[in-house]
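Position 1 is the first residue of the sequence, and the numbers go up from there.
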Amino acid sequence: MTACPRDPLSTFFWWLLRLGLLGLGWVLVLGQWSDPVRMGLDLFRGAGSLAGSLPFFVAMPICAWLLVRRPEWLKRAAAALPQLSPRSLFVLALGLRLVWILVADLELRSDYAHYWRLTRDFAEDPATLTDRPGMWPPRGTQVFLGSFVALFGPHVFVAQAALAVVGALHVPAVIRLTRNLGGSARACALAGLAMALWPDHVLYANLVAGDLLFSGLVLGGAALLTSPGGLGLSFAAGLLLGLAQWVRSTSPLFWIAGALYLWRTPNLERRAPRGLAFTAGLLLGLTPVVSLNLYSLDRLSIVPAYMGGWSLLVGTDLPSHGTEVDGLFPVRDARLALEPERPGEPLAVRQDRVARTMGVERLKANPVAFAGDVLHRKVAIVWGVPAWLGPAYAGSRLEPIGIYAWYVLGGLHRLVVLIVAWVLIRRARRPRWDALSIYVVVGCLTAIAHALLEAQSRYTLMLRPLYAICVGLWLTNLAADLRVREDPAQAA
């Protein structure tokens with residue numbers, strides 16, 4: 001175990017990171033074994049749960065048998081990994097996503113159809129950016145995808161292809177982040193391969209929304225911030241993390257994690273100048289959000305869409321375990337009609353304020369039941385299953401088999417996430433502030449935030465790079481351990 005530092009401040013942050021690694025690891029474990037009520041995935045009830053759990057119970061003994069009785073396959077695979085270049089992995093990732101988009105031929109529905117309408121409207125008339133000021137969704141995705149649609153034509157495939165490229169760009173960013181951790185060539189290649197093949201990450205490419213774009217921006221920021229180099233990299237990292245705020249309002253979690261990395265990482269060269277460059281880039285990246293709010297709302301604010309209060313209201317709905325949305329609109333609107341208007345307060349801000357008040361009232365009314373619901377239900381909804389894939393296949397050519405694929409992926413997700421949890425908990429024996437600590441801090445803050453706020457499994461999609469890196473580190477370390485066990489002299 002790494003020795004605990006002696007000075008009080010370093011000791012505090014050493015223990016903070018250690019508790020973060022342990023906490024996030026156990027949240028992942030708890031998420032797999034709690035009671036996921038959605039989609040019939042409860043482990044012990046229903047035919048759906050059997051289908052979802054079967055891959056887990058089949059894969060576990062097979063993997064154990066292969067590792068104990070046939071370890072040579074892992075060693076051969078590990079030896080071949082360095083032959084996978086970042087370019088070939090990027091092409092693989094992009095090809096998979098484009099093939100999925102073309103084969104599925106999805107008809108967008110619900111929120112994703114709304115995103116597409118906004119994207120198309122912006123491509124036709126950029127002035128629509130100021131319509132419905134402060135309302136959901138944040139306008140960054142609309143601007144990004146609308147720019148491609150304006151260039152290449154009003155076809156939904158254009159927006160989907162742009163998201164496929166963003167998803168594929170996760171691969172070189174994950175490889176760089178793994179390399180910044182000191183990972184071997186094998187670990188980097190395996191992490192990149194895991195990112196290229198991660199199922200829900202691939203399938204989300206045909207959904208016109210901000211999930212992949214936000215994940216790409218924050219991953220790029222983390223990879224650049226932890227890379228050795230000049231101040232330009234730190235500035236670019238801050239710029240990407242600032243622009244991410246225009247896509248989703250949870251980007252401040254990465255600002256906090258990035259600041260802690262710059263402050264606490266030992267032996268970091270040019271710490272103060274890099275911090276200033278990071279801050280300058282962050283402020284520049286926030287310029288679009290601030291400018292739009294000043295123009296359309298006459299408010300100095302970095303909030304891309306006033307939805308925090310609504311998310312709290314949804315998150316405190318005990319009957320639905322933080323997932324009910326449509327049924328709460330009439331409840332909020334009835335309360336809104338009774339609230340007096342404040343002079344100069346925009347409608348979006350007023351709606352958010354009323355929803356937040358209602359959410360706090362619900363939380364205070366029954367805190368014990370709410371805490372039980374978080375531990376028993378919400379943690380499984382957010383952490384126990386892949387990002388909900390229903391919108392990715394509903395209305396597509398593959399809709400008849402989509403639910404079965406969901407169950408299979410749910411079982412495999414449990415297996416892989418338990419590996420990630422094992423890596424994080426084991427790493428708590430030697431906590432250190434490094435590139436991985438950024439995602440660990442964000443994961444812990446996300447767990448705390450969505451214990452209170454709305455529960456959706458897609459909110460952890462931005463953490464898939466962390467999962468891929470942990471898988472790469474675990475399997476390559478396991479292969480090394482097997483070599484040492486069989487031939488210590490050769491390993492030395």
Side-chain angles (χ1 to χ4, degrees), residues 63 66 72-104 148 157-158 160-206 211-213 215-224 226-229 233 236 240 386-387 392 409 412-413 416 419-420 423 435-436 439 461-480 482-483:
C63 291
L66 286 173
E72 60 274 4
W73 71 271
L74 181 59
K75 292 185 291 183
R76 287 197 299 267
L81 280 172
Q83 301 176 19
L84 298 175
S85 67
R87 181 177 299 175
S88 63
L89 290 172
F90 170 79
V91 172
L92 171 65
L94 181 59
L96 281 175
R97 286 155 176 79
L98 291 176
V99 167
W100 163 246
I101 292 170
L102 293 172
V103 169
F148 286 96
F157 176 75
V158 173
Q160 293 170 325
L163 290 174
V165 173
V166 171
L169 286 173
H170 280 61
V171 171
V174 162
I175 292 174
R176 172 177 280 224
L177 199 56
T178 309
R179 188 181 298 120
N180 295 344
L181 274 167
S184 64
R186 290 186 178 91
C188 293
L190 184 55
L193 181 62
M195 192 72 255
L197 300 177
W198 207 281
D200 57 3
H201 202 272
V202 173
L203 301 185
Y204 256 60
N206 67 356
D211 301 284
L212 287 180
L213 179 57
S215 177
L217 287 170
V218 295
L219 172 60
L224 292 175
T226 58
S227 297
L233 291 180
L240 290 179
L409 293 179
L412 295 178
H413 179 87
V416 177
I419 292 174
V420 176
V423 172
L436 195 67
Y439 271 95
L461 194 70
M462 65 181 179
L463 298 178
R464 296 298 180 266
L466 170 66
Y467 295 4
I469 292 169
C470 287
V471 168
L473 295 176
W474 179 75
L475 283 177
T476 51
N477 289 340
L478 181 61
L482 290 172
R483 286 198 302 274

To the nearest 0.5 Å, what is the distance between [atom1] ([X]) and [atom2] ([Y])?
X	Y	atom1	atom2	result
T226	L436	OG1	CG	10.0 Å
S215	L163	OG	CG	11.5 Å
M195	F90	CE	CZ	13.5 Å
I175	L190	CD1	CG	10.5 Å
L89	L193	CG	CG	6.0 Å
Q160	L102	CD	CG	8.5 Å

Smallest separation among heavy atoms of [X] and [Y], with atom names:
X	Y	result
A196	V202	O-CG2, 3.5 Å
L240	G221	CD1-N, 3.7 Å
A189	L84	CB-O, 4.1 Å
Y439	A222	CE1-CB, 4.1 Å
A205	A164	CB-CA, 4.3 Å
R97	G167	NE-C, 3.7 Å

Quick one, [X] and [Y] - any side-chain contact, counting heavy atoms below 4.5 Å?
X	Y	result
R176	L224	yes
V165	L94	yes
N180	P228	yes
L169	L219	no
F157	I101	yes
L217	V166	no

| said: Please list all pairs meeting salt bridge (Lys or Arg N to Asp or Glu O under 4.0 Å) that have one or both residues in residues 193-205, counting only residues at least two apart or in different chains. | reply: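 Every pair satisfying salt bridge (Lys or Arg N to Asp or Glu O under 4.0 Å) with a residue in residues 193-205: D200-R464.
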| Stepwise, does the side chain to side chain contact (heavy atoms under 4.5 Å, CB included) test hold for L197 with L92? | CA-CA 9 Å; L197 300 177; L92 171 65; 4.2 Å; yes
| message | So, applying side-chain contact (heavy atoms from CB on, under 4.5 Å) with H201, which one of L212, D211, L96 is it? | response |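 Running side-chain contact (heavy atoms from CB on, under 4.5 Å) over L212, D211, L96 with H201 returns exactly one hit, L212.
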